[in-house]
Each structure stands twice: as structure tokens, then as C-alpha cells.
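Quick note on labels: first sequence line is chain A, next is B, and so on, each numbered from 1.
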Amino acid sequence: MQGRRLNQLAIGYACITVGVQNTGLSRCILKNASEENIRKVIAINLSALEAMVDYNIKNGIKLFRISSDIIPFGSHSINTVLWWEDYKENFLRIGNKITSAGMRVSMHPGQYTVLNSRDLNVVEKAVKDLNYHAAFLDALGMDNKSKIILHIGGVYGDKENAIKAFTDQYVSLSQTIKNRLIIENDDKNYDIQDILTISQITGAPAVFDNLHHELNPPEETLSEFEWIKECNQTWKEQDGKQKIHYSQQKVGALRGSHSDTIFIPPFLDFYHQLLDNNIDIMLEVKDKNLSAIKCINTVLRDVSAKKLEEEWAKYKYFVLSRSARIYNDIRGMLKNKEARVVIEFYEKIEHAYLLSEDKGAEVNAAEHVWGYISKDSSSDERKRYEKLLDAYLNDTSSAEILKSHLLKCAHKRDLQYLINSLYFYI
DNA sequence: TGACGTCAAGATCCG
DNA sequence: CGGATCTTGACGTCA
């Protein structure tokens with residue numbers, strides 16, 4: 001398609017990262033939710049959020065969903081911490097990074113925030129939860145293009161009435177929440193046609209989710225791209241760019257389960273069929289940031305040789321652990337610095353992803369990684385390594401246990417190159 | 001009453 | 001004791 005303005009593209013991921021140091025979120029259970037513990041978790045999580053934001057900036061990721069769990073019991077009465085005041089400096093600093101990078105952040109209360117419930121206690125809690133999410137984005141200083149994504153809720157045997165319960169509740173929400181609230185089709189109850197109807201009544205922009213749509217299509221049969229176009233009408237200037245959710249079904253898993261990674265051929269097919277590419281695409285996928293970078297790189301196509309080398313550095317031992325042949329194929333592919341091999345590169349990695357376990361390949365990769373450690377290994381480390389290798393070959397232990405030993409050895413020596421290898425995380 | 005989804009904490013088991 | 005593995009938690013709806 002001609003005239004595409006690829007620089008407007010924003011592809012992002014949700015909540016957590018894979019293989020990035022210091023980004024782990026913490027939490028506590030209700031039983032342990034003392035003020036002291038809550039403060040401890042908040043401090044850890046804001047620091048993790050900042051590390052994720054830094055990572056996103058470094059990697060050109062301009063769309064990101066912040067986990068609802070960032071503040072423990074954020075909308076529960078047990079949490080009396082005035083976090084938006086007490087951690088003001090963190091919020092300002094993180095917010096400035098987000099804004100100056102041109103990153104768009106969002107939040108997404110889950111399936112348990114139900115605004116149209118028949119139980120008024122549930123409704124009250126849902127409103128509190130929306131307030132919490134809005135307060136968090138406010139604390140970061142985000143404008144109203146930072147959205148809160150919500151599903152409609154239950155049906156209670158009478159969809160018409162359930163929709164009315166939602167729209168009635170919507171009216172009584174504060175303007176602060178209304179400015180941010182957007183609504184999404186789900187995989188069971190409310191299809192995209194319902195969402196557009198509710199959007200007409202409330203004015204809340206509509207988010208199209210492709211996998212939910214596949215599982216729960218409306219009566220009217222338009223193509224996904226026509227539905228996306230319909231949704232586009234619901235986005236106003238002050239809402240920012242239209243946003244959609246994209247995910248792929250995990251093969252062999254329950255209907256609706258997200259795939260481990262976004263497979264590039266179907267993604268590009270979808271992307272190129274979009275009637276308007278000025279859309280933000282939120283990926284929902286297990287490997288999170290990794291698929292975001294992959295999709296960004298394959299859509300941009302002209303990724304520098306240096307950048308691709310950096311990607312390869314992260315993936316290489318993972319690939320080697322699946323197939324030496326694919327490993328060598330990719331090495332050969334990257335020798336030609338002029339060739340545009342981005343798509344082929346990721347397709348090879350996906351191929352490795354899909355291979356079933358090959359013990360020879362696993363051992364070969366482990367030996368390569370061990371090579372970094374063996375020089376100055378202690379006898380205990382070596383003994384354990386050899387024991388785990390034997391046990392793996394004898395079927396009395398798994399590759400994961402071997403890998404966790406190797407990672408521990410790498411951490412002990414602060415071998416950053418190894419610590420950042422996806423071999424340990426996917 | 002349990003499945004659903006999420007993912008780290010908590011509990012328990014193993015060597 | 002450290003590390004691996006299994007279970008729980010916190011939420012609401014629906015079969």
C-alpha cells in the first residue's frame with residue numbers, strides 16, 4: 001500500500017517484560033498488607049516501572065500498558081497510603097520520561113472490575129477501581145490520550161438491560177474517568193457491534209480486539225478491517241490515535257489463550273490489510289516486549305545491521321539450543337550487511353521456537369554457555385554442571401534446571417552478555 | 001462449587 | 001539450607 005507513514009506506528013506490550021533486569025513487579029497478599037509492606041511494594045514497583053520505561057525508550061517502544069497491580073490493593077480500603085503524594089518525585093520523574101519520549105501509556109482493569117453488576121457493592125468497587133487507575137495516570141501527569149480500557153461486564157440473562165445498567169453507570173462517573181475510559185469487545189458477552197452501540201450512547205471510544213472478535217463475532221458480518229474502521233469513528237481528537245488489541249491463538253491451548261510469541265507472517269498480513277496505519281497496536285502475548293520489538297522491526301524493515309546484530313546477540317543461544325542448523329543459517333544471513341533480512345531473520349527464530357526438544361542441541365548450547373564460566377569455575381560449580389548435564393541426558397532432570405545453574409554462575413560473575421541472553425527466559 | 005486468568009508469594013518437598 | 005516445584009491468593013460471573 002502506498003503512502004504509508006510508518007513513522008507514526010506505535011506497537012506496544014502489556015505490563016511486564018521478559019529478560020530485562022530490575023523490572024520484576026512485587027506484591028503482597030491481603031493478610032500481609034501492612035502499611036510498611038505496602039510501601040515496600042510500591043517503592044519496588046515504581047522502580048520496576050521506571051526500568052521498563054527506560055527499556056522502552058532505549059528500544060523505540062512507544063506504547064505500553066502499566067500493570068493494574070503496580071500499587072498493591074490500589075482500590076482497596078486496606079491501602080491507606082497517599083502514594084500519589086508520598087512518591088511524587090518518582091511519579092514526576094517517570095512521567096517526564098514517558099512524555100518526553102512520546103510514549104503512550106494505558107491501564108486495563110481486568111475481568112473482575114464490573115461496572116454493570118447487579119450487586120451494587122460490586123459496582124461501587126468498580127468505580128473505586130476506575131478512580132484508582134485514573135489517579136495513577138494523573139499522578140504521572142499523563143494527558144487524556146492515556147486511556148483506561150474496560151470490558152462491559154456480565155449479561156445476567158438480559159443483555160439489553162445489562163447494557164442499560166452499564167450506560168446508566170457511565171453517566172454517573174466523574175468527568176476525570178470519562179475522559180480516559182475506552183471500551184473493548186470481549187470473547188464471550190459483548191461483541192464489537194455491542195461495543196459500538198454502547199460507544200454511541202456513552203461517547204466512550206471503541207477498542208477492537210481481533211482474537212475476542214474471532215471467538216465472539218457479531219451477527220453483522222463485516223471484515224475485521226471494516227469493524228476497525230467503524231471503531232475509528234468513535235475516536236475524537238482529544239482521545240489520541242485509535243487503539244486496537246492484537247493477539248494470536250495459542251495452538252493446542254484453550255480458545256482465547258494468547259500465543260507464546262507473535263508469529264510474523266500472520267501479523268504482517270493483518271498489518272498490511274489495515275485500511276489506515278495510523279493506529280496504535282497493543283500486542284497481547286506471552287513474550288511481551290520481545291514480540292513488540294520483533295513487530296516494530298519487521299514493519300519498519302530497514303533495521304540497521306547493528307540493531308539486528310543486537311537482536312541476534314540476545315537470541316543466539318536460544319536458537320542454538322533448538323537447532324545448530326538454524327543457528328548457522330542466521331549467522332550466514334547476517335554476514336551480508338546490505339541485505340534486508342529482518343523478516344527472514346525473525347522467521348528463522350520462530351522456526352526454532354516451534355521445534356520440539358533436541359537433546360543434542362540443548363547440550364551443545366549449554367556447552368557454549370558453560371565456556372564463558374568454565375575458565376574460572378569453582379569445583380562445586382563444575383561438579384554441579386556435569387551432574388546436571390548427565391542427569392539431563394539420563395532423563396532424570398530437565399534443561400531448565402541446567403539453565404538455572406548456568407544463569408546463577410553468570411550472575412555470580414556479572415556476565416552481562418549471558419545474563420541478557422534469551423536462552424534463559426524463553 | 002469450581003473453572004476461568006494472572007503471576008508472584010507462600011508452602012512444601014527434595015537432596 | 002538452598003533450590004525446585006506445587007499451591008494459593010484476589011477479583012466476579014456463569015455453568
Side-chain angles (χ1 to χ4, degrees), chain A residues 13-18 22-34 37-38 40-42 44-45 48 52 65-79 107-130 132-133 150-159 161-162 165-166 169 184 186-190 209 211-212 215-216 245 247 249-250 253-260 284-288 380-381 383-385 387-388 390-392 396-409 411-412 424-425:
Chain A
Y13 67 100
C15 303
I16 58 175
T17 60
V18 173
N22 306 315
T23 61
L25 294 176
S26 185
R27 60 193 349 188
C28 66
I29 58 174
L30 200 48
K31 198 172 65 179
N32 303 331
S34 63
N37 262 332
I38 286 174
K40 203 191 293 175
V41 173
I42 291 173
I44 291 170
N45 288 355
M52 288 191 263
R65 181 190 300 161
I66 296 172
S67 170
S68 294
D69 293 335
I70 192 104
I71 303 291
F73 301 102
S75 61
H76 194 290
S77 59
I78 199 162
N79 185 342
M107 295 183 89
H108 187 8
Q111 58 185 303
Y112 301 111
T113 301
V114 183
L115 200 54
N116 75 341
S117 177
R118 295 195 155 176
D119 180 342
L120 291 181
N121 287 320
V122 172
V123 176
E124 196 185 328
K125 280 193 252 181
V127 174
K128 277 188 179 148
D129 204 38
L130 293 174
Y132 150 65
H133 285 86
L150 191 66
H151 292 290
I152 302 307
V155 172
Y156 315 105
D158 181 351
K159 198 186 243 187
N161 250 311
F166 184 90
Q169 280 304 325
E184 180 196 348
D186 65 68
D187 59 356
K188 287 196 177 69
N189 301 329
Y190 295 92
D209 181 302
L211 187 56
H212 292 162
L215 300 173
N216 182 24
H245 289 175
S247 59
Q249 170 70 46
K250 177 169 177 161
L254 284 174
R255 269 164 61 94
S257 296
H258 294 147
S259 60
D260 291 341
E284 294 181 323
V285 58
K286 202 165 159 223
D287 73 356
K288 305 287 181 181
D380 278 359
E381 285 173 334
K383 270 186 211 157
R384 183 161 167 80
Y385 171 69
K387 192 183 156 201
L388 290 175
D390 265 6
Y392 174 61
T396 52
S397 179
S398 69
E400 278 61 44
I401 292 174
L402 185 58
K403 285 185 194 178
S404 75
H405 175 56
L406 289 169
L407 181 57
K408 207 183 148 198
C409 293
H411 270 294
K412 211 167 178 180
F424 295 112
Y425 312 106

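- When rounded to the nearest whole Å, the span between CZ of Arg384(A) and C1' of dC1(C) equals 13 Å.
- Residues from residues 110-120 of chain A placing a heavy atom under 4.0 Å of any atom in DNA chain C, listed by number, are Tyr112(A), Val114(A), Ser117(A).
- The nearest whole Å value for the distance from the NZ atom in Lys128(A) to the P atom in dA10(C) is 17 Å.
- Atom NZ of Lys159(A) sits in a crowded spot, with more than 12 heavy atoms from other residues, nucleotides or ligands closer than 6.0 Å.
- Checked against side-chain contact (heavy atoms from CB on, under 4.5 Å), Ala162(A) has the following partners two or more places apart in sequence or in another chain: Asn116(A), Tyr156(A), Tyr190(A).
- Here dG5(B) presents its C1' atom at 11 Å from CG of Asp187(A), a figure rounded to the nearest Å.
- Remark: Glu400(A) pairs with Ser398(A), Lys403(A) by the side-chain contact (heavy atoms from CB on, under 4.5 Å) rule, at least two apart or across chains.
- Of the listed nucleotides (dT13(C), dA4(C), dC7(B)), dA4(C) has the atom at the smallest distance from the side chain of Ser404(A).
- Bending across the helix from dT1(B)-dA15(C) to dG15(B)-dC1(C), expressed as the angle between its end axes from five pairs apiece, amounts to 70° (10° rounding).
- Distance from the side chain of Ser26(A) is smallest to dA9(B) among dC7(B), dA9(B), dG12(C).
- Counting to the nearest Å, the C1' atom of dT13(C) and the NZ atom of Lys188(A) are 10 Å from each other.
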Provide a list of protein-nucleic acid N or O atom pairs under 3.5 angstrom, restricted to nucleotides 13-15 of chain B.
none

Between the protein and nucleotides 6-9 of chain C, which nitrogen or oxygen pairs are less than 3.5 angstrom apart?
unit_1	atom_1	unit_2	atom_2	d
dG9(C)	N2	Arg27(A)	NH1	2.8

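- Rounded to an integer number of Å, the gap from NZ of Lys403(A) to P of dT5(C) is 13 Å.
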